[in-house]
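In what follows, chains carry the letters A, B, and so on, assigned in the order in which the sequence lines appear, proteins first and then strands, with residues in each chain numbered from 1.
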Number of protein chains: 2
Amino acid sequence: MAPNTPVLRVDLASDRPVYEQIVSGLRAVLVAGEFEPGDQLPTVRQLATDLGVHHNTVAEAYRVLADEGWLDLRRGRGAVVLDRREAKPSPEAKQGFARRLEELVAKAITDGVPRSKIADHMAALAKKLGKA
Amino acid sequence: MAPNTPVLRVDLASDRPVYEQIVSGLRAVLVAGEFEPGDQLPTVRQLATDLGVHHNTVAEAYRVLADEGWLDLRRGRGAVVLDRREAKPSPEAKQGFARRLEELVAKAITDGVPRSKIADHMAALAKKLGKA
DNA sequence: TCTATTGTACATGTACAGTATACAAGTGGC
DNA sequence: GCCACTTGTATACTGTACATGTACAATAGA
């Protein structure tokens, strides 16, 4: 493996905001359990250098994740991964997820991804979630 | 049902651009097959009034869908749904879909949606895609 | 205590989203 | 054919968000 494993990657050319890419990407990594509670995340300056952006951009992303309860963020200390087992109920979150999922699939179909591939991906992910 | 069935709905308070919400929402409707080729979509002014936005905002959304091949757009005539069966292959589209899907699921989990619900939704959608 | 490290606050440049307004291109009745 | 009307388009303008530059505050460690 490469000397320093990149935590994630961003597309500077994308129309999607970089800080939002960092939030989404890191959140996926955290949900996947690739970090244990107590683990240190790269400092805002370290990750910023890796990604080629300004450290304030990374800081903004870390702040969002901290608000969501994923990180403990303090100056001088860095970003520490939290436990976050509390599953707070969300009324319209389910509905929102369903709609976003439909929209994502519609986009993929428009982009020419075969429906069978899409179905396979989702079935596989659903299976993984079920046994977790 | 209400006298006029709303084609879709947007959240003006969302940080997500309205025109992008219109694109995603309409694309999902089109993929779902709720319109036949040749059907008329609401005029940009009509839909704009329904949604409470400016007609130029709707026009921008229609233009994106027209570029994707979903609509035939001409002044004086309105927006007509096209056939669009051609499935153009996309190399990185599959990979992009997979990543976006993971991120969407991570967001849902963060929002407190039970993993079982997420898995059920995806399994159901996958099944529907498979038999289509 | 002193210094380096780390996150934060604020101001600035730039690009994009949404709107107001005027225009061009079709449609349909006469 | 003419003319009013409808529909999408183009341009200018305003507010806001993204990303950055720079300085600051708080913590860690020697």
Side-chain angles (χ1 to χ4, degrees), chain A residues 4 7-27 30 35 38-82 103, chain B residues 4 7-27 30 35 38-82 103:
Chain A
N4 53 346
V7 184
L8 77 164
R9 202 165 297 283
V10 296
D11 178 12
L12 298 180
S14 166
D15 56 340
R16 210 171 158 209
V18 174
Y19 89 95
E20 210 273 332
Q21 294 182 50
I22 299 173
V23 170
S24 285
L26 268 186
R27 188 161 46 207
L30 291 167
F35 286 91
D39 280 357
Q40 283 273 345
L41 248 52
T43 69
V44 292
R45 283 175 176 80
Q46 182 61 56
L47 184 53
T49 301
D50 290 352
L51 299 178
V53 297
H54 197 271
H55 64 263
N56 273 356
T57 300
V58 176
E60 171 67 21
Y62 275 18
R63 231 167 283 142
V64 173
L65 292 171
D67 286 344
E68 290 180 356
W70 284 111
L71 303 181
D72 180 49
L73 207 53
R74 294 190 209 169
R75 27 187 169 189
R77 200 172 311 181
V80 177
V81 176
L82 293 179
E103 293 177 359
Chain B
N4 54 345
V7 183
L8 77 163
R9 204 165 295 283
V10 296
D11 179 12
L12 298 179
S14 167
D15 56 339
R16 209 171 158 211
V18 173
Y19 90 94
E20 210 272 335
Q21 294 182 50
I22 298 174
V23 170
S24 284
L26 269 186
R27 188 161 44 207
L30 291 167
F35 285 91
D39 281 357
Q40 283 274 344
L41 247 52
T43 69
V44 291
R45 285 175 174 80
Q46 182 62 55
L47 184 53
T49 301
D50 290 352
L51 300 178
V53 298
H54 197 272
H55 65 263
N56 272 358
T57 300
V58 176
E60 171 67 20
Y62 275 19
R63 232 167 284 142
V64 174
L65 292 171
D67 285 345
E68 290 180 357
W70 285 112
L71 303 181
D72 180 49
L73 207 52
R74 293 189 210 170
R75 27 188 167 188
R77 201 173 311 182
V80 177
V81 177
L82 293 180
E103 293 177 358

Atom of A:Ala59, atom of A:Val44 and distance for their closest heavy-atom approach: CA-CG1, 3.8 Å
Closest non-hydrogen atom pair between A:Arg9 and A:Leu51, with its separation: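 Closest approach of A:Arg9 to A:Leu51, heavy atoms only: CA-CD2, 4.3 Å.
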Considering only heavy atoms and no angle criterion, is a donor-acceptor pair shorter than 3.5 Å present between the side chain of [X] and the base of [N]?
X: A:Arg77; N: C:dG7; result: no
X: A:Asn56; N: C:dA9; result: yes
X: B:His55; N: D:dG8; result: no
X: B:Arg63; N: D:dG8; result: no

Among C:dT8, C:dT19, D:dT7, the nucleotide that comes nearest once only the side chain of B:Arg45 is considered: D:dT7
Among C:dA17, D:dT20, D:dT22, the one nearest B:Tyr19 by side-chain distance: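 Minimum distance to the B:Tyr19 side chain belongs to C:dA17.
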Please report, rounded to the nearest Å, how far the [atom2] atom of [N] is from the [atom1] atom of [X].
X: A:Leu65; N: C:dG7; atom1: CG; atom2: C1'; result: 15 Å
X: B:Glu20; N: D:dA17; atom1: CD; atom2: P; result: 17 Å
X: B:Asp11; N: C:dA17; atom1: CG; atom2: C1'; result: 15 Å
X: A:Arg16; N: D:dA19; atom1: CZ; atom2: P; result: 11 Å
X: A:Asp15; N: D:dA17; atom1: CG; atom2: P; result: 18 Å
X: A:Glu60; N: D:dT16; atom1: CD; atom2: C1'; result: 14 Å
X: B:Asp72; N: D:dT9; atom1: CG; atom2: P; result: 10 Å
X: A:Leu73; N: C:dT6; atom1: CG; atom2: C1'; result: 9 Å

Phosphate contact (D:dT20 OP1 or OP2) by A:Thr57 side-chain N/O below 4.0 Å: yes
Just so I know, are the side chains of [X] and [Y] near enough to count as touching, which here means a heavy-atom distance under 4.5 Å?
X: A:Tyr62; Y: A:Leu26; answer: yes
X: A:Glu60; Y: A:Asn56; answer: no
X: B:Gln21; Y: B:Asp11; answer: yes
X: B:Leu8; Y: B:Leu47; answer: yes

Single hit among A:Leu41, A:Leu71, A:Val81, A:Leu73 for side-chain contact (heavy atoms from CB on, under 4.5 Å) with A:Leu65: A:Leu71
Restricting both atoms to N or O, compile the protein contacts to nucleotides 1-5 of chain C shorter than 3.5 Å, with distance only.
none

Residue mapping more 5' on DNA chain D - nearest nucleotide basis, A:His54 or A:Arg74: A:His54
Touch class at under 4.0 angstrom, heavy-atom based, for B:Tyr62 against every strand present: nothing
